[in-house]
Amino acid sequence: MRSLEEYSRIVGEDVIDQIHQLARVLKGARVIHVNSTREGGGVAEILHWLVPLQAQLGLEVDWEVIKGEQAFYECTKSFHNALQGTRVPIPESLLRVYEETNRQNAEELRERLEAADFVFIHDPQPAPFLKFCPDRKGKWIWRCHIDVSRPYRPVWKYLRDFVVGYDASVWSLSQFAQPLPHPTYLIPPSIDPLSEKNVDLPAHEIEAVREKFGLNADMPVIVQVSRFDRFKDPVGAIQACRLAKNYTPFQLVLAGGGASDDPEGERMHREVMDAADGDPDVRVLLLPPDAHRTINALQRLADIVLQKSTREGFGLTVTEAMWKGKPVIGGDTGGIRLQVINHHTGFLVNTPEGAANRIRYLLKHRGKMDEMGRKARQFVLENFLLTRHLREYLTLMVAVTH
Ligand code: UDP
């Protein structure tokens, strides 16, 4: 486990001192985080560093994962899609499974949840926990990582009933939030610059990954890393590359795996394979959930990183790429807009044609590419590293107790 002090060489000692000072009043506080997967997706990625660092600061922190049958994940995936705007009613039978799974999971943890000083419930999957812990002692915070700016109303109305009782909610962007009768806080996500996913890698390790996947060292590489999910638009990424390749040669790598709480991954992976249609310049890599160094190397060997999402909560993959000094061509949506400052740290696009134009432009203007990459890294340093995130979590905990 890394010590907080190790980050001082990146962010400076003052930042670390300030975090220690803030944490002093919270020492000994019992904190429980609950989400729905330990591997795969941005929430798990964040909890992997947040939990040990909060513990290092003297808080008593646990991380619990809600578990259910296939029908539970189907229901929560439908929530995810509906909150991001897909108009699909969810059958009553799935809602019953959702509530019953929450009841059972909450029951197992009830004593600890009720005794905790702070409970952070991440996303809709375990949102009903609060209802099943009537004798709670501490503050309960619903941390929504999803873009709920234009939800499918009936589904939001159903979920809203479970979250109105929380003491506060936290969102990544103001536009994502729905009105709720409690204080709402804005805390954008962040990355751990010293994790396997982001730490500097020796050149030989990057080259070994290039070779392992048979990538041609003489041809530019464009990489998109993401779960095989419709909203990440991997098929749009392939279309963009097809268009751009008419003008300039390059290789596209689509790298991703599933998440244990995402039942749609396999179907989407097949769709992507069909779209790639055996094109030797399109690599579709199905990676295991712990392939952090491989993803790190792929992002580093990329000339450009693409994140062609049509909806995106925040897009940690964008932050990861920017930290590695890469210009990002990202979908003009959600948290990508907060990171990709159009024409400065990358380009925002709305269509495969738009992405293709930007790919062509950047591959022709290497100087611009380097300049954007430098600005991108600096922007992450100033805004999206875990130290800022940790500090904001501590401030929030202090704020909700007063
Ligand atoms: N990720 C991974 N393996 C994969 C796909 C994604 O480790 O096969 C990681 C990725 O590097 C990032 C996170 O999972 O850290 C995805 O977070 P993001 O916010 O981009 O999207 P989400 O999956 O949460 O919608």
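Position 1 is the first residue of the sequence; numbering continues from there. Please read all numbers here as calculations on a predicted model, not as lab measurements. One-based numbering, in listed order, for ligands and for the atoms of each.
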Q | Aromatic centroids of His182 and Tyr166 separated by under 6.0 Å | A | no

Q | Pair His122 and Trp63, ring centroids less than 6.0 Å apart | A | no

Q) Got a sec, which residues hit side-chain contact (heavy atoms from CB on, under 4.5 Å) with Lys67, two or more places apart in sequence or on another chain? A) Tyr73, Asn105

Q: Among residues two or more places apart or on two chains, list those pairs meeting side chain to side chain donor-acceptor pair (under 3.5 Å) that have a residue in residues 199-213.
A: Glu205-Arg293, Glu207-Arg210

Q.
Checking the side chain of Asn198 only, and the main-chain atoms of Ile191 only, is there a donor and an acceptor separated by less than 3.5 Å?
A. no

Q) Does Asp192 offer a backbone N or O that forms a donor-acceptor pair with the side chain of Tyr7 under 3.5 Å? A) no

For [atom], the protein heavy atom that lies nearest, with its residue and separation:
{"atom": "atom 2 (C) of ligand 1", "result": "Ile295 CD1, 3.4 Å"}
{"atom": "atom 23 (O) of ligand 1", "result": "Arg227 NE, 2.7 Å"}
{"atom": "atom 18 (P) of ligand 1", "result": "Leu316 N, 3.4 Å"}
{"atom": "atom 6 (C) of ligand 1", "result": "Val225 CG1, 4.0 Å"}
{"atom": "atom 14 (O) of ligand 1", "result": "Gly41 N, 3.7 Å"}

Q. Going by the angle between their ring planes, with limits at 30° and 60°, are Phe79 and Tyr158 parallel, tilted or perpendicular?
A. tilted

Q: Report the part of Glu320 (side chain from C-beta onward, or backbone N, CA, C, O) that has a heavy atom under 4.0 Å from ligand 1; answer both or neither where that applies.
A: side chain

Q. Is there any N or O on Gly42 that sits under 3.5 Å from an N or O of ligand 1?
A. yes

Q. Is any N or O atom of Lys232, backbone or side chain, closer than 3.5 Å to an N or O atom of ligand 1?
A. yes

Q.
Assess, by modelled atom type and distance only, whether the side chains of His20 and Glu5 contain a donor and an acceptor separated by less than 3.5 Å.
A. yes

Under a 4.0 angstrom heavy-atom cut-off, which atoms of ligand 1 come close to [X]?
{"X": "Gly315", "result": "19 (O), 20 (O)"}
{"X": "Gly257", "result": "4 (C), 8 (O)"}
{"X": "Lys197", "result": "2 (C), 7 (O), 9 (C), 10 (C), 11 (O), 15 (O)"}

